[in-house]
Amino acid sequence: MKVSDCFIPTLREVPAEAEIPSHQLLLRAGFIRKLGAGIYTYLPLAWRVIGKIEALLKDEMDSIGCGEIRMPTLHPQELLEETNRWDVDVVYKLKDRREASFALGFTHEEVITDIARRDFRSWRDLPRLLYQVQTKFRDEPRPRGGLIRTREFIMYDAYSFDRDDAGMELSFQKFKTAYSRVFNRMGLPFVIAEADGGAIGDLDNNEFVVLSPSGEDTILICRETGYAANVECCPVLPPDPADAPIATNGNGNGNGDKPLEIVSTPGARTIDEVAGMLGTAPMHLVKTLIYLADGAPVAALVRGDHEVNEVKLRRLLNVAELFLADDTTVERITGAPTGFAGPVGLIGPRVIADHALSVMRNFITGANQADAHYVHVNVGRDFAPTEFADLRNALPGDPSPDDSRYLLTEARGIEVGHVFKLGTKYSAAMNATFTDENSHLQTIQMGSYGIGLGRTMAAAIEISHDGNGIIWHPAIAPFQVVIVVADWRDPAGLESGQALHDALEIRGIDALLDDRDERAGVKFKDADLVGYPVRVVVGKGLANGFLEIRARRDAASSREVPVLEAADAIAALLIELRDGPSEQQAAAA
RNA sequence: CGGGGCGUAGCUCAGCUUGGUAGAGCGUUGCGUUUGGGACGCAAAAGUCGCAGGUUCGAAUCCUGUCGCCCCGACCA
């Protein structure tokens, strides 16, 4: 392929709409163009990268015996109603000319389960693994970051069907291993994090996360044990009672319980305002949040400097719907305007206290009346929570859930893949059963597994770029080698470049010949911007029989090689680049 | 959905406060010179100032509404 034949519209300036590096570079290097918020066209270079990622995936799917299929994008309303997912808020809906309703596919559990219930009839039909690569549609509340979060995106999604738990576990592990191989092969450092299944399922599930400041997810990591979890579900161990003296005292320094006192705090509604007014720190306060859980009021208590984790609360309460009560409801339940709620004298709601409260003494809470707070509140004496539980978001510095000797650190991450055990969530709802050896009807055990291809491409850029542009790993680079003919008017140069290009193609190396009638500087800038792993320059050295070869990631790697040895040298360099992570990647990891 | 910001030439932006009929750089086109890190000169094309109302003799500029985009938050299989 020649650059002059390939559509690569590079931009000199950074488009104003792009903030994060991958978004800027994808636009500048001519990979994507925006049609609307979260809707993008993949231009030739991007499409080639997507194709490379897809090919790696297909290779690994073949190796675990997972077959490729292609499911419809149009999903009939009745199908989604079987699993109560017609009214999921991200669903795009449309009607046909006969007023029949359809959803644009946002995930394909229902469609694949429909196949399963029709065709997987016997235990002999299981296990079965299937996948597809297809566009998904989700009406995201807020698309962002270029390809990081879009409303229409290319997703690889796979589904497993097993006869029992053990089988499901085996399938789950197969995909985890396959995904690890895929990301390793593309040189993408990742962590496997414990995660929340959200609406898909609430059994075991893991996210494959690429750590990057541009990521949307907060991940807690233990360097020592390798533990990682999304903040949504990272458990917090109950505090050691020995730590009690640290988290004590409303505004005094005595050790005993002090008498409950009410103080005036006019206008102070937030934790910071109250702490400021009373001359203490947020950690000595207790936040009382009133939630409505399937309509019933619940008070959640956490330390002032902690945050309630709604995923944990929802699971604890085992309710479908959970949201913060509005001001009117808060006032009805607590008798005070929002900002002055407290557990003392609170009648009605179930009161759930975070474990941290078990070691707090003489703390501050709202007094359930306007402009007033209690100080020197103590659990047991002044109020009794319905129960203590793990209610808060984990924080850096918290002990690792799998070994309390070590502490967690926090990082941002991009969720590039997600693996779920579904159990019988969909198969039971849709009556997908099979007959076992004993002629008993059993429900199929399912799993679902996904990788966002566009997002993976963006993540690869986030962790591998420099001031000049992208630095692709050879496994997913749009082209592995660019051959820059410095002087396009020189027939010998063009001929030599073309010959090298052809020699590389014969070896199965993707090469791109920059034959444009541009000045050499322009071609160099573009080559750096696009980020081809290897650059060959056909230039001044050609008269003496030499070409210049260098790795994109390392300017100092530039060297002259004889024309006849160039293809060998390039092949060797590509292997070196494939096997060793770049410094940027290593640093990011 | 809440908060903030922005819509002026293909791109990046100025002009708006103080209304007088639209500019720069880059890019594009042509000619010439140049030719290893986004060259130079000359010439040229290119904008219903997001859209709709309103105020005014006159609106890119002021007012109202509306649409779109970006960021933060909420939300997110």
Side-chain angles (χ1 to χ4, degrees), chain A residues 9-20 23-24 27-30 33-39 80 83-85 88-91 103 105-110 136-146 148-151 153 155 157 159 195-203 205 207 214 216-218 230 232 307 310-311 321-324 326 415 417-420 422 425-426 447-452 455 467-469 484-490 493 514 516-530 535-542 547-548 550 555 558 560:
Chain A
T10 57
L11 267 28
R12 188 193 292 241
E13 291 178 277
V14 181
E17 68 195 39
E19 188 128 315
I20 64 171
H23 190 195
Q24 294 180 343
L27 288 167
R28 277 196 65 208
R33 287 295 181 261
K34 185 178 71 179
L35 183 60
I39 311 176
L80 293 184
T83 54
N84 280 322
R85 291 213 299 178
V88 171
D89 54 4
V90 297
V91 180
F106 62 105
T107 176
H108 282 71
E109 278 80 8
E110 285 83 358
K136 299 276 193 274
F137 297 86
R138 293 182 194 175
D139 188 359
E140 292 287 350
R142 180 149 97 83
R144 74 186 92 180
I148 296 291
R149 186 164 214 89
T150 56
R151 297 194 290 174
F153 57 98
M155 186 164 169
D157 50 317
Y159 304 88
D196 174 54
I200 284 237
D202 53 9
L203 300 176
N205 69 95
E207 287 175 353
S214 302
E216 300 182 289
D217 295 338
T218 301
N230 192 304
E232 291 172 339
E307 282 176 11
E310 294 186 5
V311 171
E321 205 180 52
L322 178 78
F323 52 87
L324 269 176
D326 57 82
E415 176 194 351
H418 206 147
V419 292
F420 297 88
L422 299 175
K425 176 168 176 157
Y426 296 91
S448 89
Y449 316 90
I451 291 178
R455 187 186 274 185
N468 294 317
V484 175
V485 179
D487 183 353
W488 89 97
R489 295 157 308 173
D490 171 22
D514 196 343
R516 291 175 299 167
D517 54 348
E518 290 283 358
R519 298 164 65 86
V522 172
K523 299 185 195 181
F524 293 152
K525 287 289 186 189
D526 273 353
D528 285 350
L529 184 58
V530 172
R535 188 187 78 186
V536 180
V537 181
V538 182
K540 289 172 175 164
L542 186 62
L547 302 176
E548 179 189 313
R550 60 162 277 200
S558 178
E560 300 275 319

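Reminder, nothing fancy here: chain letters follow the sequence lines and each chain counts from 1. Just so you know, these numbers come straight off a predicted model, no measurement behind them.
- The residue F137(A) sits apart from the nucleic acid: no heavy atom pair falls under 4.0 Å.
- Atom CD in E216(A) sits roughly 12 Å away from atom P in A74(B) (whole-Å rounding).
- With both pairing distances under 3.5 Å, G23(B) is matched to C13(B) as a Watson-Crick or G-U wobble pair.
- Side-chain N or O atoms of R151(A) include none that pairs as donor or acceptor with a backbone N or O of P143(A) at under 3.5 Å.
- OP1 and OP2 of C75(B) both lie 4.0 Å or more from every side-chain N or O belonging to R142(A).
- The CD-P distance, from E17(A) to G7(B), rounds to 14 Å in whole Å.
- On the C1' atoms, G25(B) is 27 Å away from A59(B), given to the nearest whole Å.
- No hydrogens or angles were tested; on distance alone, nothing pairs the side chain of R12(A) with the base of C11(B) as donor and acceptor under 3.5 Å.
- Using a 4.0 Å heavy-atom distance criterion, V537(A) is classed as a base contact.
- Remark: G73(B) base-pairs with C1(B). Criterion, Watson-Crick or G-U wobble with two distances under 3.5 Å.
- Residue-to-nucleotide contacts include a donor-acceptor pair under 3.5 Å from the side chain of E548(A) to the base of G36(B).
- Formation of a donor-acceptor pair under 3.5 Å by the Y159(A) side chain with backbone atoms of H108(A) is found in this model.
- G68(B) and C49(B) are spaced 16 Å apart, taking the C1' atom of each and rounding to whole Å.
- As a whole-Å value, the separation of L322(A) CG from A74(B) P is 15 Å.
- Straight-line distance between the P atoms of G54(B) and G47(B): roughly 26 Å, to the nearest whole Å.
- Checked by atom type and distance alone, the side chain of R28(A) pairs as donor or acceptor with a backbone atom of L11(A) at under 3.5 Å.
- The same atom, C1', is picked in C42(B) and in G5(B); the two are 41 Å apart, to the nearest Å.
- Looking at the side chain of L529(A), the nearest of the listed nucleotides C69(B), G36(B), G38(B) is G38(B).
- Of the C1' atoms belonging to G27(B) and A9(B), the separation is 11 Å, rounded to the nearest Å.
- Contact annotation: side chain of R519(A) to base of U34(B), donor-acceptor pair present below 3.5 Å.
- Within 4.0 Å of E110(A), counting heavy atoms only, lies no atom of the nucleic acid at all.
- At the heavy-atom level, G145(A) lies under 4.0 Å from the strands shown only through sugar-phosphate atoms.
- Side-chain N or O atoms of N468(A) include none that pairs as donor or acceptor with a backbone N or O of L529(A) at under 3.5 Å.
- Picking from U12(B), A74(B), U35(B) the nucleotide with the shortest atom distance to the side chain of W488(A) gives U35(B).
- Side-chain atoms of E548(A) never come within 3.5 Å of backbone atoms of V536(A) as a donor-acceptor pair (strictly under, hydrogens ignored).
- Under the Watson-Crick or G-U wobble criterion, with both distances below 3.5 Å, C42(B) is paired with G30(B).
- None of R535(A), R519(A), R516(A) except one satisfies the salt bridge (charged side-chain N to carboxylate O under 4.0 Å, His left out) rule with D526(A); the exception is R516(A).
- U66(B) and U28(B) have their C1' atoms separated by 34 Å, given to the nearest Å.
- For D526(A) against G38(B), a side-chain-to-base donor-acceptor contact under 3.5 Å is present.
- Closest to the E13(A) side chain, of the nucleotides G36(B), C76(B), C11(B), is C11(B).
- In this structure, K523(A) reaches neither bases nor backbone, as no heavy-atom distance under 4.0 Å exists between it and the strands shown.
- The base of G37(B) lies close enough to the side chain of R535(A) for a donor and an acceptor atom to sit less than 3.5 Å apart.
- C57(B) and C70(B) have their P atoms separated by 41 Å, with the value rounded to a whole Å.
- Straight-line distance between the P atoms of C63(B) and G20(B): roughly 15 Å, to the nearest whole Å.
- Side chains of E109(A) and K425(A) form no contact here, defined as non-hydrogen atoms less than 4.5 Å apart.
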